[in-house]
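The structure appears right after this line, and notes come after that.
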Amino acid sequence: MARKFFKIIFLFVALANIQATAQTRIVQLMEGEIRAGVTTPLGGYHTGKAQVSAALGIEGRYNFKGTPWDCGLMLDLSTARRGYEHLYNDGYDRWQSNRTLALAVTSEYNLRQGSKINPFVGTALGVAFNDVVSDKYFPSKGTSMLFAPRIGIEFLYHIRLMAQFNICRKGYNNFSLTVGFVLGGRPKKQ
């Protein structure tokens, strides 16, 4: 799965080089986003079985005038949830939720900045605060670095679909798929 993701990123970067010769539309300098979605854990952790969980986030971005680049600040809550009922065989639904609260800077390259359909590729880099919530079969917590490559598409200047790998610490790494609502960042009237 990671190999496919990096192939997609490579394709987007190649398309970005082609797009670089095209003129970029001028958009509003600031934009904000609120998003929600689902996550699934990456990698194994104490033989737990991957389960779907939730992700929430907010982000503010600054669009560099005349370029397809933006940068911003992200606050993101994501979960790597795994089931452990197979360890106990007692019929109860047992699971552990490893949550990460991340504060990170973001950077993205917009392939069709200012268009109604705008694919983008980017990354987030910051700090992750990791902790186990609810049942603690394998307690752990701490602070780590977060690296989050992302890819997505923005529709009609307001709806943003994004896939993101949240890589921070074993047991907490996850893949999220989110839908966001964006205010700002629309093309400026000439």
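For reference, positions follow the sequence shown, starting with 1. Below, all heavy atoms of this structure are taken into account, side chains as well, without hydrogens, waters or symmetry copies.
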Practice task
For the pair Trp69 and Tyr109, name the ring-plane relationship: parallel under 30°, tilted 30 to 60°, perpendicular over 60°.
Solution key: perpendicular
Practice task
Indicate if Ile58 and Phe181 have the same hydrophobic cluster label, given that clusters are the connected sets of ILVMFWY residues with side-chain heavy-atom separations under 4.5 angstrom.
Solution key: yes
Practice task
Using distance alone, with no hydrogens and no angle criterion, decide if Asn173 and Asn166 have a side-chain donor and acceptor under 3.5 Å apart.
Solution key: no
Fill in the blank from the handout: Closest heavy-atom pair, Gln113 versus Thr67, reported as atoms and distance to 0.1 Å, is NE2-O, 3.8 Å
Handout entry: Nearest-0.5 Å distance, SG of residue Cys168 to CZ of residue Phe129
Key = 11.5 Å
Practice task
Taking the side chain as every heavy atom from C-beta outward, state whether Arg160 and Phe120 have any pair of such atoms under 4.5 Å apart.
Solution key: yes
Exercise for the section: Answer with yes or no whether the hydrophobic clustering places Leu183 together with Phe155; edges join I, L, V, M, F, W, Y residues whose side-chain heavy atoms lie under 4.5 Å apart. Expected result: yes
Exercise for the section: Take Arg150 and Thr106 through the side-chain contact (heavy atoms from CB on, under 4.5 Å) test and state the conclusion after the steps. Expected result: CA-CA 10 Å; Arg150 57 208 310 201; Thr106 65; 3.0 Å; yes
Completion exercise
Under a side-chain separation threshold of 4.5 Å, the hydrophobic residues clustered together with Met74 are Leu146
Handout entry: Considering all heavy atoms, the nearest Ala55-Thr39 contact
Key = CB-CG2, 3.5 Å
Handout entry: Short side-chain donor-acceptor distance under 3.5 Å, Asn130 and Ser144
Key = yes
Exercise for the section: Assess whether side-chain contact (heavy atoms from CB on, under 4.5 Å) is satisfied between Lys116 and Tyr157, documenting all intermediate values. Expected result: CA-CA 6 Å; Lys116 289 185 178 183; Tyr157 315 115; 3.5 Å; yes
Handout entry: Side-chain heavy atoms of Asn98 within contact of Thr79, under 4.5 Å
Key = no
Handout entry: With sequence neighbours excluded, residues passing side chain to side chain contact (heavy atoms under 4.5 Å, CB included) with Val105
Key = Leu73
Practice task
Show your reasoning for whether side-chain contact (heavy atoms from CB on, under 4.5 Å) applies to Arg61 and Met30.
Solution key: CA-CA 6 Å; Arg61 289 182 292 275; Met30 299 298 294; over 6 Å; no
Handout entry: Point-to-point distance, once rounded to the nearest 0.5 Å, from CG of Asn174 to OG of Ser53
Key = 8.5 Å
Problem - Atom pair OG1/CG of Thr40 and Leu177 - distance to nearest 0.5 Å - result: 11.0 Å
Problem - Glu154 and Arg35 ion-paired at < 4.0 Å - result: no
Handout entry: Side-chain heavy-atom pair Ile167, Met145 within 4.5 angstrom cut-off
Key = no
Exercise for the section: Any chance you could measure Asp76, atom CG, to Ser176, atom OG, to the nearest 0.5 Å? Expected result: 6.0 Å
Problem - side-chain contact (heavy atoms from CB on, under 4.5 Å) between Glu31 and Asn63, worked out - result: CA-CA 8 Å; Glu31 63 183 281; Asn63 294 304; 2.9 Å; yes
Fill in the blank from the handout: Separation between CG (Leu29) and CG (Asp70), nearest 0.5 Å, reads 11.5 Å
Practice task
Indicate, with yes or no, if Ile34 and Val179 share a hydrophobic cluster defined by side-chain heavy-atom contacts under 4.5 Å among Ile, Leu, Val, Met, Phe, Trp and Tyr.
Solution key: yes
Exercise for the section: Using a 4.5 Å cut-off on heavy atoms from C-beta on, say whether the side chain of Leu77 contacts that of Thr100. Expected result: no
Problem - Co-membership, hydrophobic cluster, residues Leu161 and Val52, 4.5 Å side-chain - result: no
Exercise for the section: Using a 4.5 Å cut-off on heavy atoms from C-beta on, say whether the side chain of Leu101 contacts that of Leu75. Expected result: yes
Fill in the blank from the handout: SG of Cys71 to CZ of Phe64, rounded to nearest 0.5 Å, is 3.5 Å
Handout entry: Single-linkage hydrophobic cluster Met162~Val182, side-chain heavy atoms < 4.5 angstrom
Key = no
